[in-house]
Amino acid sequence: QVQLVESGGGLVQAGGSLRLSCAASGRTFSSYAIGWFRQAPGKEREPVAAISRSGGMTYYADSVKGRFTISRDSAKNTVYLQMNSLKPEDTAVYYCAAGRTPYSGRDAKDYDYWGQGTQVTVSS
């Protein structure tokens with residue numbers, strides 16, 4: 001089992017940047033694919049980005065391509081989501097999730113563990 005804790009959210013103006021962190025407990029962190037999802041008020045949860053166990057495969061939603069970058073640091077048991085050129089429509093609670101498969105991609109059902117989320121608010 002793995003426990004996930006997100007951090008790095010906050011309030012930022014449009015055009016600004018934030019870096020979210022997803023810290024995982026346990027020594028088997030490298031065994032999990034990691035995904036970032038977000039949920040805005042009144043909307044369904046949607047995938048944002050994902051990274052494979054090895055870090056060699058990534059996925060980005062079309063809405064964030066070219067602005068967000070996902071990466072992982074196995075030595076620190078942490079996955080990062082660097083978010084640049086933020087827009088008001090990026091406002092949401094961001095969740096990280098861990099999946100036991102080598103690469104879990106965009107489908108939430110392929111993830112087994114979820115963090116509590118961190119709020120990102122982008123003002124116009």
Side-chain angles (χ1 to χ4, degrees):
Q1 188 171 353
V2 63
Q3 293 182 327
L4 305 171
V5 178
E6 303 94 336
S7 62
L11 173 64
V12 64
Q13 289 187 333
S17 298
L18 285 173
R19 188 177 77 161
L20 303 185
S21 298
C22 174
S25 64
R27 292 177 291 179
T28 58
F29 173 70
S30 59
S31 299
Y32 295 91
I34 302 293
W36 283 98
F37 293 77
R38 67 186 182 187
Q39 187 166 21
K43 295 186 178 181
E44 294 186 353
R45 181 177 54 191
E46 63 177 359
V48 176
I51 190 165
S52 61
R53 287 179 187 171
S54 67
M57 292 180 65
T58 57
Y59 158 82
Y60 294 97
D62 288 343
S63 59
V64 307
K65 279 181 182 176
R67 300 188 297 122
F68 291 11
T69 303
I70 189 170
S71 61
R72 65 189 301 157
D73 185 337
S74 294
K76 295 183 178 180
N77 280 7
T78 300
V79 169
Y80 303 100
L81 185 67
Q82 178 67 43
M83 306 187 297
N84 299 329
S85 302
L86 282 161
K87 304 176 181 180
E89 51 263 45
D90 294 318
T91 295
V93 177
Y94 284 70
Y95 301 89
C96 69
R100 297 192 192 97
T101 58
Y103 175 67
S104 295
R106 61 172 294 166
D107 198 333
K109 69 176 178 58
D110 291 331
Y111 291 88
D112 305 287
Y113 306 103
W114 293 79
Q116 294 300 307
T118 185
Q119 176 71 47
V120 171
T121 303
V122 184
S123 63
S124 57

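Along the sequence shown, the residues carry numbers beginning at 1.
Residues M83 and Y94 form a side-chain contact, since some pair of their non-hydrogen atoms from C-beta on lies under 4.5 Å apart. At a threshold of 4.5 Å between non-hydrogen side-chain atoms, the residues T69 and Y80 do not count as touching. Side-chain contact between T118 and L20: present, with at least one pair of heavy atoms (C-beta onward) separated by less than 4.5 Å.
The aromatic rings of Y95 and W114 stand perpendicular to each other, their planes meeting at an angle above 60°, with 30° marking the opposite boundary.
The line from CD1 of I70 to CD1 of I34 is 8.0 Å long, rounded to the nearest 0.5 Å. We find the SG-CD1 distance between C22 and I51 to be 11.5 Å, quoted to the nearest 0.5 Å. Distance CD/Q13 to OG/S123: 5.0 Å, rounded to 0.5 Å. Separation of atoms OG (S30) and CG (N77) is listed at 8.0 Å; rounding is to 0.5 Å. The CZ atom of R19 sits 11.5 Å away from the CG atom of N84 when rounded to the nearest 0.5 Å. Atom CZ of R72 and atom OH of Y32 lie 11.0 Å apart (nearest 0.5 Å).
The nearest pair of heavy atoms linking G99 to S104 is CA-OG, 3.7 Å. Minimum interatomic distance between A92 and A40 (heavy atoms only, all atoms of both residues): CB-N, 3.8 Å. When all heavy atoms of G105 and Y111 are compared, the pair lying nearest together is O-OH, 2.5 Å. Here the closest non-hydrogen pair linking F37 and P47 is CD2-CA, 3.5 Å.
Salt-bridge check for K65 with D62: passed, with a basic side-chain N closer than 4.0 Å to an acidic carboxylate O.
Under 3.5 Å, the side chains of R100 and Y113 contain a donor-acceptor pair of N or O atoms.
Looking at S52, its side chain does come within 3.5 Å of a backbone N or O of M57 through a donor-acceptor pair. R67 places a side-chain N or O within 3.5 Å of a backbone atom of S85 that can act as its donor or acceptor partner. With S54 contributing its side chain and G56 its backbone, the two residues share a donor-acceptor pair below 3.5 Å.
For Y59 and Y103, the ring centers are positioned 6.0 Å apart or more. No close placement of the W36 and F68 rings is indicated, their centers lying 6.0 Å or farther apart.
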Stepwise, does the side-chain contact (heavy atoms from CB on, under 4.5 Å) test hold for Q82 with S17?
CA-CA 8 Å; Q82 178 67 43; S17 298; 4.0 Å; yes
Could you pull out every donor-acceptor pair under 3.5 Å between side chains of residues 1-8 and any protein atom, sequence neighbours left out?
| from | atom 1 | to | atom 2 | distance (Å) |
| --- | --- | --- | --- | --- |
| E6 | OE1 | Q116 | N | 3.1 |
| E6 | OE1 | G117 | N | 2.9 |
| E6 | OE2 | C96 | N | 2.9 |
| E6 | OE2 | G117 | N | 3.2 |

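Under the side-chain contact (heavy atoms from CB on, under 4.5 Å) test applied with R38, the options V120, V93, V64, L81 reduce to a single match, V64.
By the neighbour-count criterion of 12 heavy atoms within 6.0 Å, atom CZ of R106 is sparsely surrounded, having that number or fewer from other residues, nucleotides or ligands.
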